[in-house]
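Atom set for the values below is all heavy atoms of this structure, side chains included, hydrogens, waters and symmetry mates excluded.
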Amino acid sequence: MSRGAKKGFLGEIWEVIKILLMAMVLAMVIVQFIRPTRVDGLSMYPTLDNNDYLIINRVSRYTGVDRGDVVVFDSDMPINAGEDQKSTAKKVLDVVLQDDSSTKDLVKRVIAVGGDHITVKDGVVKVNDQKISEPYVSEGNITEGNIDTVVPEGMLFCMGDNRMRSLDSRYPEVGFVPEKKLVGSVLVRLLPLENIGRVN
């Protein structure tokens, strides 16, 4: 290989490296605003189904969320695969998506916010002494638990729509959700295509 050809070849490799670096930087900027995620489980059924692909609005971490919003947050529950079992590609993807992946992200609905008085008794959910309308909970799906508490400031009380199959704020494994652990609110469902659209 001549000197000129070698220089041209190295120049092409450098161009490819620059394009890859620019793509990574662009991806890291984009995920400041939106991020994809996949639903794992049936705790939000029938609103969301297992393996639905969602786009999360990450700006809501700063602007706040309201009662009734469907959110994704980082729990304290460890995921099944350990850090040592992840491939290098997966670790790089985690950095780009800003996902530590050492604990499970959960998808739930905000039922009460900081300062709210929430009660769950005999399957009835009340916030600030008012029974809330929950059209997203399917008929016959009972809200179990005996809760009577005030949500601390800076915290959220979240539950899955599939109340009988949801591990959520009613249980000590999840408890109150710190607002600082919000990944974002669910913006749209991308897949499956027949259900594409906003999530309510």
Task: From V110, D168, L156, residue fulfilling side-chain contact (heavy atoms from CB on, under 4.5 Å) relative to V177 - done: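 Going through the options one by one, the only one that passes is L156.
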Task: Chi angles and distances behind the side-chain contact (heavy atoms from CB on, under 4.5 Å) call for D49, L42 - done: CA-CA 6 Å; D49 208 343; L42 293 169; 3.2 Å; yes
Task: D105/R35 ion pair, N-O < 4.0 Å - done: yes
TODO: Could you tell me whether R109 and D161 make a salt bridge, using a distance below 4.0 angstrom between a side-chain N and a carboxylate O?
DONE: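 Judged by the 4.0 Å cut-off on N to carboxylate O distance, R109 and D161 do form a salt bridge.
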Surrounding [atom1] of [X] (heavy atoms of other residues, nucleotides or ligands, distance under 6.0 Å), is the total greater than 12?
X    : atom1 : result
R165 : CZ    : no
K181 : NZ    : yes
Y53  : OH    : no

Could you tell me which residues satisfy side-chain hydrogen bond (donor to acceptor under 3.5 Å, both in side chains) with [X], sequence neighbours excluded, listed by chain and number?
X    : result
S185 : S60
N141 : N162
E134 : Y136, R163
R67  : D116

Does any part of the side chain of [Y], heavy atoms only, come nearer than 4.5 Å to the side chain of [X], both counted from C-beta?
X    : Y    : answer
V199 : T47  : yes
D66  : V113 : no
V71  : V107 : no
L54  : V39  : yes
D40  : N50  : yes
F176 : S169 : no

Task: Members sharing L20's hydrophobic cluster (side chains within less than 4.5 Å) - done: V16
- [ ] Show your reasoning for whether side-chain contact (heavy atoms from CB on, under 4.5 Å) applies to Y171 and V174.
- [x] CA-CA 6 Å; Y171 304 101; V174 177; 5.7 Å; no
Closest approach of [X] and [Y], non-hydrogen atoms and distance?
X    : Y    : value
I142 : G123 : CG2-CA, 4.3 Å
A112 : V151 : CB-CG2, 3.8 Å
I111 : V127 : O-CG2, 3.6 Å
L106 : S75  : CD1-CB, 3.8 Å

- [ ] Take I147 and T119 through the test side-chain contact (heavy atoms from CB on, under 4.5 Å) and record every step on the way to the result.
- [x] CA-CA 5 Å; I147 308 286; T119 60; 5.9 Å; no
What's the separation between atom [atom1] in [X] and atom [atom2] in [Y], rounded to the nearest 0.5 Å?
X    : Y    : atom1 : atom2 : value
I118 : R170 : CD1   : CZ    : 9.5 Å
D122 : N146 : CG    : CG    : 8.0 Å
D148 : K126 : CG    : NZ    : 10.5 Å
L190 : T37  : CG    : OG1   : 11.5 Å
I56  : L187 : CD1   : CG    : 10.0 Å
M164 : S138 : CE    : OG    : 9.5 Å

- [ ] Measure from the side-chain N and O atoms of S166 to the backbone N and O of G160, and report whether any donor-acceptor pair falls under 3.5 Å.
- [x]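 Yes; judged by distance alone, with no hydrogens or angles, the pair exists.
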TODO: Give a yes or no on whether the backbone of L167 and the side-chain of K108 come within a donor-acceptor separation of less than 3.5 Å.
DONE: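 Between the backbone of L167 and the side chain of K108 there is a qualifying donor-acceptor contact (under 3.5 Å).
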TODO: Check the pair L182 / V65 against side-chain contact (heavy atoms from CB on, under 4.5 Å), numbers first and verdict last.
DONE: CA-CA 9 Å; L182 274 179; V65 294; 4.0 Å; yes
Task: I132 with M159, same ILVMFWY side-chain cluster at under 4.5 Å - done: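 Yes, I132 and M159 fall within the same hydrophobic cluster.
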Task: Pairs involving residues 186-195, ordered by first then second residue, that meet side chain to side chain donor-acceptor pair (under 3.5 Å) (sequence neighbours left out) - done: D52-R189
